[in-house]
Every structure is written in structure tokens, then in C-alpha cells.
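What follows is a short report on a single structure.
Chain letters run A, B, ... following the sequence lines, proteins first, then strands; residues in each count from 1. The shown structure was predicted, so the numbers you read here are calculated from the model rather than taken from an experiment.
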Number of protein chains: 2
Amino acid sequence: MASEITIEGPRRTAHAERIPSRLALLAAPEAARSQGEEAYLRIRERIVSLEMPPGSVVNEARLRADLSIGRTPIREALQRLAHENLVRSVPHRGTFVTDVNITDLARITEVRVVLEGCAAHLAAERLGAADRAAISELLDVLQAGRVTDQRDLMKLDQEIHRRIYRAARNSLLEGTLERYFNLSLRLWYLVLDHEVRLLEAVEEHTELLRAVLAGDGARAERCMSNHVSGFELEIRKVLVER
Amino acid sequence: MASEITIEGPRRTAHAERIPSRLALLAAPEAARSQGEEAYLRIRERIVSLEMPPGSVVNEARLRADLSIGRTPIREALQRLAHENLVRSVPHRGTFVTDVNITDLARITEVRVVLEGCAAHLAAERLGAADRAAISELLDVLQAGRVTDQRDLMKLDQEIHRRIYRAARNSLLEGTLERYFNLSLRLWYLVLDHEVRLLEAVEEHTELLRAVLAGDGARAERCMSNHVSGFELEIRKVLVER
DNA sequence: TCCACCGGTATATCGCTCGCATATCGGTTG
DNA sequence: CAACCGATATGCGAGCGATATACCGGTGGA
């Protein structure tokens with residue numbers, strides 16, 4: 001019945017090699033991004049870094065001028081951001097950067113606690129040579145104790161988390177976590193310059209990476225869950241006292 | 001510094017009442033969907049139900065004719081589906097319905113096992129009156145034993161899962177699970193008419209719903225995780241023997 | 001006289017349609 | 001066998017009509 005539609009996918013003869021193209025795409029430096037992708041990444045960066053503060057209106061015309069990008073890619077990016085809960089679009093009213101509050105923080109954390117834990121568990125069990133090397137390197141940086149600035153620590157935290165996502169070897173999980181991570185990252189920016197738990201975070205990271213390198217899935221999972229929970233507590237502390 | 005951008009959000013005077021509008025939006029029957037939403041839902045339905053089989057090309061012009069919808073909404077829908085891993089778009093080559101294989105099944109299940117479990121746990125702990133009533137009703141239907149057809153069971157399974165997502169009262173989690181559920185649902189369609197585990201599923205559902213109604217989060221979580229794992233095993237069994 | 005309500009107009013934004021430029025593939029030809 | 005060329009599908013941009021909100025002047029009542 002629907003057989004007529006059953007046309008072949010891209011290059012059936014090399015069907016087993018379709019995935020590498022995706023990896024190549026991911027590995028592509030930064031050049032071959034479409035304007036839509038470009039707009040998405042740049043606007044996301046602005047929102048996460050609070051350059052576009054929560055609750056503010058998103059002026060499409062202004063973005064178009066700022067980024068020198070046409071209307072279609074901008075709209076495309078905004079729709080994507082809406083699906084990721086970074087903006088909210090009200091028909092014929094405007095598009096707004098989503099607000100942040102304690103409730104959202106809790107909702108985000110609820111999911112991250114289990115999902116990041118899951119990723120850490122998988123990463124520990126599936127750790128490949130390349131990921132092992134990268135994580136060892138990150139561990140060295142941590143133990144060197146050079147990272148004291150909060151912004152640097154944030155960068156490092158990003159690298160650690162994203163590395164673990166990849167090491168878990170589950171692209172769906174990776175994508176999902178990436179989305180939640182950006183939501184969390186914005187919260188971190190929000191409480192930046194509030195002198196919160198630097199040492200604890202470093203220690204948690206160290207223990208986490210060691211567990212992953214040791215292949216101890218259960219311990220890695222616990223570490224990660226604790227790390228995320230602790231993160232929430234710190235953010236919450238700053239958030240409520242304001 | 002960025003204060004210039006800090007324009008007010010929509011109707012700051014009624015800032016506390018922004019959420020209800022979202023609920024109203026969700027509660028809106030089916031009428032006020034934009035064409036983009038319409039296209040998304042209809043194409044998704046076609047893909048999940050295998051009317052557009054895995055690996056087939058997605059002909060934009062044909063969809064436009066079939067659905068009597070313009071090009072922009074179709075593109076919009078396809079981009080959204082691409083982000084949800086139901087189609088894959090290759091620049092200047094075409095758009096294809098994503099293939100399914102054992103690996104994907106495993107990746108999907110990995111996430112669902114923890115996430116669905118998490119949702120069940122939260123649902124059990126946060127069960128409100130309305131959700132309690134709805135779930136009791138679902139339990140009655142299950143225990144009546146009238147549902148024997150596999151397609152009916154599938155419908156019922158959908159209702160149960162979606163109800164639990166909502167009962168968990170975490171919109172982010174709900175959205176994420178909805179995406180994964182559609183991926184799983186397509187796999188179920190794939191092995192339909194293969195006479196697989198009807199009774200077990202019903203029993204699992206019954207136990208799950210009882211746990212949720214009893215407010216036993218831990219048990220609900222275990223039930224759900226087992227349910228999802230069992231689901232994978234059954235699908236896998238059929239998938240490998242072909 | 002002043003205030004509250006109300007209807008009409010103005011504006012801004014959005015969703016959608018349409019057309020052009022571009023890049024890739026497959027077949028054909030020298 | 002290599003290179004060219006048409007076919008195809010996408011990326012992007014501009015414009016049109018629709019719609020919801022905001023503004024404003026008028027009117028009725030206290």
C-alpha cells in the first residue's frame with residue numbers, strides 16, 4: 001500500500017556508512033554552518049550568557065541587523081530556541097526570553113540528576129581510548145589547581161560535562177543533555193560573582209572523573225548525581241536570598 | 001550594561017499569570033493549531049505509523065500537495081522532526097525518514113528506562129485529584145480485560161504513558177519523554193502483528209498504575225523501568241529474527 | 001467637573017506564500 | 001575515463017494579508 005513511497009534512502013549501497021558523515025559534520029570546525037545554525041548558536045549564546053536577560057523581548061529586526069542574517073534563518077533559530085525553552089513565542093505579541101525561577105530550577109535539576117547520572121554511568125562502562133585520554137587530561141588540569149577564576153571553572157565544567165556526554169556514546173542522550181545543560185548554564189551565569197563553592201565543585205569533578213576512568217559506573221553515577229544536586233542547592237541558595 | 005535590552009516582558013503587571021495561558025493553549029482542542037503545527041503532527045503521525053517507512057525519502061512537494069499546506073510550514077515541520085531524530089536532512093540531497101536498527105533501539109531504551117522511571121516516581125509522589133481520577137479510570141479499563149487487540153492496547157499504552165508524564169508535573173520532562181516515546185512508538189508499529197506479549201504488558205501496566213495510585217514512588221519507578229526494559233526485549237526479539 | 005468605560009483606528013508582529021540563488025547528483029558525451 | 005550539464009532540492013530573502021494589542025477620543029454616569 002505504502003510501498004510506492006518506499007524509495008531508497010541516501011546511497012543504499014553504502015548504508016552501513018551513513019553515520020560517519022554525521023560524525024564528520026560534528027567534527028567540522030565552525031565553517032560550514034548554515035546561517036540558520038549560525039543564528040541559533042549566536043542567539044543561544046546571548047541568552048545563556050544573559051546578554052539577553054530573562055524576560056526581555058526578542059526583537060527580530062534588531063537581531064537581523066546585529067547578526068547580518070536574513071529573516072528566515074532568524075525565525076528558524078527562534079523556533080528552535082522555543083522548543084528548547086529558552087524563548088517563548090506568543091503569536092502576534094512577540095518573542096520573549098524565558099524567565100527563570102526556583103520552580104524551573106527544580107524541574108531542570110530533577111531531570112538532570114537522573115540523566116547526567118545515566119550518562120556518567122554509561123561513560124564509565126564504554127570509555128574508549130580517545131575519551132580516556134581526553135578525560136585524563138581534564139583530570140590533570142583539575143588537579144593542577146590552576147583554575148580558580150569562576151568563569152574559567154565554568155568553562156572547565158562545560159568541557160567535562162560535554163566530554164562525558166560524548167563518552168556515553170548515545171547521541172540521543174547527548175542531544176537531550178546538551179539542551180538541559182544550556183538551561184542550567186544560564187542559571188549559573190545568573191549567580192556568577194556570588195562566590196559560590198569553587199573547591200567543592202573541583203573535588204566533585206575530580207572524584208567523578210576518577211570513577212569514570214576506573215570504569216566504575218555505579219560510583220560515577222552517584223558522583224554525577226550528587227554533583228548536579230549540589231549545583232542546584234548552591235544556585236538555589238543565591239536565588240532565594242535575592 | 002545590557003540594561004538597554006532589558007525591556008519588559010509581556011504585561012508585567014500580570015506577570016504571575018503567564019502560565020495559565022500556556023495551560024489554556026494546551027487545553028485548546030485541536031482547532032487553533034497553526035499550519036506549521038498541523039503539518040508537524042500529521043507528518044509525525046505518518047512517520048510513526050510507518051506510512052512513511054524508515055529510509056524513504058521525504059518529498060516536500062508531495063507533502064505540500066497531500067496536506068494542502070504551503071512550503072514554509074512544511075519546512076518548519078521537517079526541521080522540527082529532524083531535531084527529534086525522526087527525519088534526517090542532508091543539504092541539497094534530500095530529507096529522509098531515519099532508519100531504525102537494533103542500536104537505535106538500545107539507545108532509545110537506555111534513556112527511557114531512567115526517564116520513564118523518573119516520571120513514574122514523580123507522578124506517584126505528586127498525584128493530584130484529576131490525575132488520580134484519570135489513572136483510576138485507565139486502571140479500570142485495564143482490569144476489565146476488554147482490550148485484546150494489539151492496536152487497542154497500543155492506544156491504551158499511549159494514554160497511560162502520556163498521563164503519567166503529565167502527572168509528573170514537570171513540563172520539561174514531559175516534552176523530552178514525548179519525543180522519546182514517539183521514537184519508541186514507531187518501533188512498536190514495526191513489530192506489530194507479530195503476536196507479542198499482550199498479557200504481560202497489561203499486568204505490568206496494572207501493577208504500575210497501582211503503585212502510582214498508592215503513592216509508592218520507588219515501586220512505580222521500578223515497575224516502569226521494568227516495563228520499558230521488557231518492551232525493548234520484545235521488540236528486539238522480533239527485530240533480530242528478521 | 002471629573003472619572004470610568006467603550007468603540008474605533010493605528011501599529012507592530014506574525015504566519016505564510018512565492019521566487020531566486022546555490023549546491024549536489026546522475027547521466028551523458030567527447 | 002574524465003568532465004560537463006541538466007535535474008532536483010534546499011537555503012535564503014522579500015512581501016502580503018491577518019490578527020492582536022495599544023492608543024485615543026468620545027460618551028455616560030456620579
Side-chain angles (χ1 to χ4, degrees), chain A residues 5 7-15 17-18 21-22 24-25 28 31-43 56-83 87-97, chain B residues 5 7-15 17-18 20-22 24-25 28 31-43 52 56-83 87-97:
Chain A
I5 313 180
I7 314 169
E8 290 193 343
R11 187 165 303 177
R12 186 65 107 187
T13 54
H15 62 283
E17 298 308 316
R18 210 172 308 165
S21 68
R22 273 194 67 235
L25 189 72
R33 318 192 278 213
S34 69
Q35 291 189 75
E37 182 81 4
E38 176 83 17
Y40 165 73
L41 289 173
R42 290 177 67 178
I43 299 174
S56 64
V57 300
V58 178
N59 192 318
E60 184 187 296
R62 180 171 190 157
L63 279 176
R64 208 169 42 182
D66 277 7
L67 306 181
S68 301
I69 287 181
R71 190 178 157 191
T72 303
I74 298 280
R75 283 182 53 75
E76 197 177 307
L78 290 180
Q79 282 179 359
R80 196 166 158 192
L81 290 167
H83 289 307
V87 306
R88 190 168 304 285
S89 201
V90 183
H92 303 105
R93 286 281 310 265
T95 302
F96 308 89
V97 179
Chain B
I5 313 180
I7 313 170
E8 290 193 344
R11 188 165 303 177
R12 187 63 107 188
T13 54
H15 61 284
E17 298 307 317
R18 210 172 309 166
S21 68
R22 269 194 70 236
L25 188 71
R33 318 193 276 215
S34 68
Q35 292 187 69
E37 182 81 3
E38 176 84 16
Y40 164 73
L41 289 174
R42 290 177 68 178
I43 299 174
M52 293 167 67
S56 65
V57 299
V58 178
N59 192 317
E60 185 187 294
R62 181 172 191 156
L63 280 176
R64 208 170 42 180
D66 277 7
L67 306 181
S68 301
I69 287 181
R71 192 175 150 189
T72 303
I74 298 280
R75 279 181 54 74
E76 196 177 307
L78 290 180
Q79 283 178 357
R80 196 166 157 192
L81 290 167
H83 289 130
V87 306
R88 189 169 304 287
S89 202
V90 183
H92 303 106
R93 284 280 312 265
T95 303
F96 308 88
V97 178

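Residues satisfying the salt bridge (charged side-chain N to carboxylate O under 4.0 Å, His left out) criterion with Arg64(B), sequence neighbours excluded, are absent altogether. Taking the side-chain hydrogen bond (donor to acceptor under 3.5 Å, both in side chains) definition, one finds that Arg71(A) meets it with Glu60(A), sequence neighbours left out. Considering only residues two or more places apart in sequence or on other chains, Arg80(A) meets the side-chain hydrogen bond (donor to acceptor under 3.5 Å, both in side chains) condition with Glu37(A), His83(B). With sequence neighbours left out, the side-chain hydrogen bond (donor to acceptor under 3.5 Å, both in side chains) criterion links Asn59(B) to no other residue. Listed by chain and number, the residues in a side-chain hydrogen bond (donor to acceptor under 3.5 Å, both in side chains) with Thr72(A) amount to none (sequence neighbours excluded).
Note: CD1 (Ile74(A)) to P (dC16(C)) measures 19 Å, nearest angstrom.
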Review point. Tell me, for nucleotides 9-18 of chain D in 5' to 3' order, what letter each nucleotide earns: B for a base near a protein heavy atom under 4.0 Å, S for only sugar-phosphate near one, - for neither?
Key: SBBBB-B---
